[in-house]
Amino acid sequence: MPSSSSPASSSRERRSAHPWLLADRIALLDHLTRGRLIFGTGPGALPTDAYVMGIDPVDQRRRHEEALEAVLALFRGEDPVTRESDWFTMREARLQVRPYQYPHPEVAVAAMVSPSGPRLAGRYGASLLSLSMSAAAEGFAAIGNAWSVVEEQAAAAGRPAPDRSTWRVLGQLHLAPTREQAIEDCTYGLRDFANYFGGGGAGFVPLSDGGDPASVTDRDFVEQYAASGRAMIGTPDDAIAYIEKLLDQSGGFGTFLQLGHDWASPTATIESYRLFARHVIPHFKGRLSAPKASHDWAVAKKEEIFGRAGEAVVNAIKTHAAETGATRRGA
């Protein structure tokens, strides 16, 4: 979406990023996947991408809202849609093929720091995807503040706020049987990950002890990264505590997402996923509550139940011994 006003660049801009074409493509993809589609949208978090496409980052959030509003108007209405902005024109537009899902696929807007994502989620009834990496993060889009913005904007638009169950929160974590092992696993690639995103990505500044970063060992770097609160590197129990903190800070959300990364070797990464699936997911799904309740009940009743059972065993032995003795004496 080049920002130049020349006819050539304006033509390219309208062809490549027009909301009508986007809505049409999303509708087609919805049919191709038979409704297995979530339409995720955001203004773009990487300034480098905006630079390559000739977009002024100051315009990104405004354009995002204008495009989203137009796409939703096409999805939700039957009447022709006309819109005019400084970067696209839509005249009496409608979709020839309606989306597979009714009235349209779920729409999820991303949020990192600014209030833009939560505002759009509330204003247009979309789901929210929070990319905040830490419960300690601040700002309108931070985990502790985001949903209040959603509710405020929904009320201002005269619509009910989206259900909290549609809220997805992304976190960074790596698991191992012990914290020591988890730290050691991440010496494989965490430093490269941080340097990459610090140099040209999301603005992460590699942590150090204040001296020459080259003097910090890979292990010290991983320990500092984990201590910063930006990630959870530890055991399944640590992961449960981390997610529970996010739930407490946020007031509740529907889905926890893990960031895919290469901090650890492929083998260790798969083991992390296995530990998460075996221990963390069952904890939050409540699948361990019934077995645990049954076990606790049995322990509490141990003296009463097992004492009587032991007495029954002793009585059986005595009865058998008495009968056997009588038989032998009679013989």
Side-chain angles (χ1 to χ4, degrees), residues 26 29-30 33-43 45 64-65 68-69 71-72 75-76 99-137 139-173 175 232 236 239-260 273 276-290 292-293:
I26 292 299
L29 185 58
D30 196 29
T33 60
R34 297 298 180 96
R36 295 187 295 273
L37 171 69
I38 297 174
F39 175 31
T41 176
H64 177 220
E65 179 170 359
L68 179 61
E69 188 279 329
V71 168
L72 290 175
F75 281 161
R76 293 172 174 174
Y100 185 91
Q101 300 177 69
Y102 182 83
H104 56 76
E106 179 185 357
V107 177
V109 293
M112 286 190 69
V113 179
S114 82
S116 174
R119 286 176 62 89
L120 294 181
R123 186 175 302 172
Y124 296 108
S127 302
L128 182 64
L129 171 57
S130 291
L131 305 179
S132 302
M133 300 301 185
S134 169
F140 288 105
I143 192 73
N145 303 324
W147 203 255
S148 62
V149 177
V150 174
E151 292 175 331
E152 290 167 2
Q153 291 300 307
R159 66 166 66 247
D163 192 288
R164 278 180 177 268
S165 65
T166 66
W167 188 9
R168 298 171 178 87
V169 173
L170 176 72
Q172 302 182 97
L173 52 81
L175 306 183
M232 200 301 301
I240 290 172
Y242 168 74
I243 296 172
E244 286 180 337
K245 184 176 181 180
L246 290 176
L247 288 167
D248 290 342
Q249 185 100 7
S250 66
F253 53 84
T255 302
F256 176 78
L257 303 175
Q258 289 192 54
L259 177 72
Y273 292 151
F276 191 87
R278 183 173 182 181
H279 300 286
V280 182
I281 292 176
H283 172 84
F284 288 100
K285 289 288 189 180
R287 292 172 182 166
L288 299 179
S289 57
K292 184 178 185 304

Nearest 0.5 Å, please: how far is OG1 in Thr166 from CG in Leu129? 11.0 Å
Exercise: identify the closest heavy-atom pair between Gln101 and Leu37: NE2-O, 3.1 Å
Smallest heavy-atom separation, Ser127 atom then Ala121 atom, equals O-CB, 4.1 Å
Can you check whether Phe256 reaches Val280 side chain to side chain, under 4.5 Å on heavy atoms? no
Nearest heavy-atom approach of His279 to Pro236 is CB-CB, 3.7 Å
Residues in side-chain hydrogen bond (donor to acceptor under 3.5 Å, both in side chains) with Ser148, at least two apart? none
Take Met232 and Leu246, measure what side chain to side chain contact (heavy atoms under 4.5 Å, CB included) needs, and give me the verdict at the end. CA-CA 12 Å; Met232 200 301 301; Leu246 290 176; over 6 Å; no
Could you check if a side-chain atom of Val71 sits within less than 4.5 angstrom of a side-chain atom of Thr41, using non-hydrogen atoms only? no
Considering only heavy atoms from C-beta outward, does the side chain of Leu68 approach that of Val107 to under 4.5 Å? yes
Show your working on side chain to side chain contact (heavy atoms under 4.5 Å, CB included) between Val150 and Trp167 and close with a plain yes or no. CA-CA 10 Å; Val150 174; Trp167 188 9; over 6 Å; no
Taking atom CD1 of Ile240 and atom CZ of Phe276, what is their separation to the nearest 0.5 Å? 9.0 Å
With sequence neighbours excluded, tell me which residues meet ring pair (Phe, Tyr, Trp, His ring centres under 6.0 Å) with His104. Phe75
Derivation and outcome, side chain to side chain contact (heavy atoms under 4.5 Å, CB included), residues Leu128 and Val109: CA-CA 5 Å; Leu128 182 64; Val109 293; 4.2 Å; yes
My understanding is that only residues two or more places apart in sequence, or in another chain, count here; which of them pass side-chain hydrogen bond (donor to acceptor under 3.5 Å, both in side chains) with Arg123? Glu65, Gln153
Partner residues of Ser250 under the side-chain hydrogen bond (donor to acceptor under 3.5 Å, both in side chains) criterion, sequence neighbours left out: none
Looking only at heavy atoms, which two atoms of Ala154 and Ala161 are closest? And how far apart? CB-CA, 3.6 Å
Tell me every residue that passes ring pair (Phe, Tyr, Trp, His ring centres under 6.0 Å) with Tyr100, counting only those two or more places apart in sequence or in another chain. His31
Between Gly122 and Arg159 the two heavy atoms that sit nearest each other are O-CD, 3.2 Å
Reported CD1-to-CD1 distance for the pair Ile38 and Ile26, which is rounded to 0.5 angstrom: 12.0 Å
For Tyr242 and Gln172, the nearest pair of non-hydrogen atoms, with its separation, is OH-N, 3.8 Å
Heavy atoms, side chains only, cut-off 4.5 Å: are His283 and Ile243 in contact? no
List for me each residue that meets side-chain hydrogen bond (donor to acceptor under 3.5 Å, both in side chains) alongside Glu152, sequence neighbours excluded, and say none if there are none. none
Enter the distance from Ile143:CD1 to Gln249:CD here, rounded to the nearest 0.5 Å. 7.5 Å
